[in-house]
Amino acid sequence: MEMDYSRLIGRIIEKFGTRVAFASAMGLKAEQLSRRLNNKAGWEIEEYIKACELLDIQAHEMGAYFFTAKLR
């Protein structure tokens with residue numbers, strides 16, 4: 001099942017301006033972040049936690065950002 005990260009991407013742009021800046025803050029290469037956002041690689045638990053901290057996403061909001069299925 002593919003996830004829809006459009007809301008997450010919007011939050012990244014809102015808070016960091018670019019995906020590259022967010023990837024750097026996460027300690028990832030831009031390509032690694034791109035693979036996650038394009039459903040080519042999975043997220044690690046620690047990455048979910050760090051991303052939520054960096055993006056000011058509350059625990060009860062995580063589902064909307066990380067676990068929304070992509071509609072076909």
Side-chain angles (χ1 to χ4, degrees):
M1 176 186 304
E2 287 191 3
M3 295 296 122
D4 179 354
Y5 294 118
S6 58
R7 187 169 181 190
L8 178 62
I9 292 167
R11 185 67 162 244
I12 289 168
I13 300 305
E14 175 187 327
K15 295 287 186 177
F16 284 86
T18 67
R19 295 182 196 190
V20 173
F22 177 69
S24 178
M26 285 286 295
L28 298 171
K29 294 179 182 175
E31 180 182 319
Q32 291 173 302
L33 177 63
S34 178
R35 291 181 54 75
R36 284 160 179 74
L37 295 174
N38 288 301
N39 290 287
K40 304 293 185 204
W43 294 81
E44 300 290 329
I45 296 294
E46 297 81 15
E47 292 171 339
Y48 287 123
I49 294 167
K50 187 169 185 176
C52 287
E53 290 172 355
L54 290 171
L55 297 170
D56 297 321
I57 296 171
Q58 301 300 312
H60 68 276
E61 299 175 306
M62 281 184 72
Y65 288 94
F66 291 97
F67 305 111
T68 300
K70 189 179 275 189
L71 300 176
R72 294 185 178 225

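Keep in mind that the numbers below use all heavy atoms, side chains included, and drop hydrogens, waters and symmetry copies.
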Does [X] have any side-chain contact (heavy atoms from CB on, under 4.5 Å) partners at least two apart in sequence or in another chain, and if so, which?
X: Leu71; value: none
X: Tyr48; value: Trp43, Ile45, Met62, Phe66, Phe67
X: Glu44; value: Glu46, Glu47
X: Ala30; value: Val20

| message | My understanding is that only residues two or more places apart in sequence, or in another chain, count here; which of them pass side-chain hydrogen bond (donor to acceptor under 3.5 Å, both in side chains) with Ser6? | response |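 For Ser6, the residues satisfying side-chain hydrogen bond (donor to acceptor under 3.5 Å, both in side chains) (neighbours in sequence not counted) are Asp4.
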| message | If the condition is side-chain hydrogen bond (donor to acceptor under 3.5 Å, both in side chains), which residues does Lys15 pass it with, not counting sequence neighbours? | response |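 Listed in chain order: Asp56.
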| request: Could you list all the salt bridge (Lys or Arg N to Asp or Glu O under 4.0 Å) pairs where at least one residue sits in residues 57-69, not counting sequence neighbours? | output: none
| said: Looking at every non-hydrogen atom in both residues, tell me the closest pair between Phe16 and Ala25 and how far apart they are. | reply: CE2-CB, 3.6 Å
| request: For atom CD of Glu14, decide whether the heavy atoms of other residues, nucleotides or ligands shown that lie under 6.0 angstrom number more than 12. | output: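 Enclosed: over 12 neighbouring heavy atoms sit under 6.0 Å from CD of Glu14.
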| field | Spacing of Ile57 atom CD1 and Leu8 atom CG [to the nearest 0.5 Å] | value | 5.5 Å
Set of residues satisfying salt bridge (charged side-chain N to carboxylate O under 4.0 Å, His left out) with respect to [X], sequence neighbours excluded:
X: Glu2; result: Lys70
X: Lys50; result: none
X: Arg11; result: none

| request: For Tyr65, enumerate each residue passing the ring-ring contact (aromatic ring centres under 6.0 Å, His included) test, keeping only those at least two apart in sequence or located in another chain. | output: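 Residues passing ring-ring contact (aromatic ring centres under 6.0 Å, His included) with Tyr65: none at all.
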Would you call [X] and [Y] a side-chain contact if the rule is heavy atoms closer than 4.5 Å?
X: Arg7; Y: Thr68; answer: no
X: Leu55; Y: Phe22; answer: yes
X: Met26; Y: Leu33; answer: no

| query | Can you list every side-chain hydrogen bond (donor to acceptor under 3.5 Å, both in side chains) pair that touches residues 19-30, not counting sequence neighbours? | reply | none
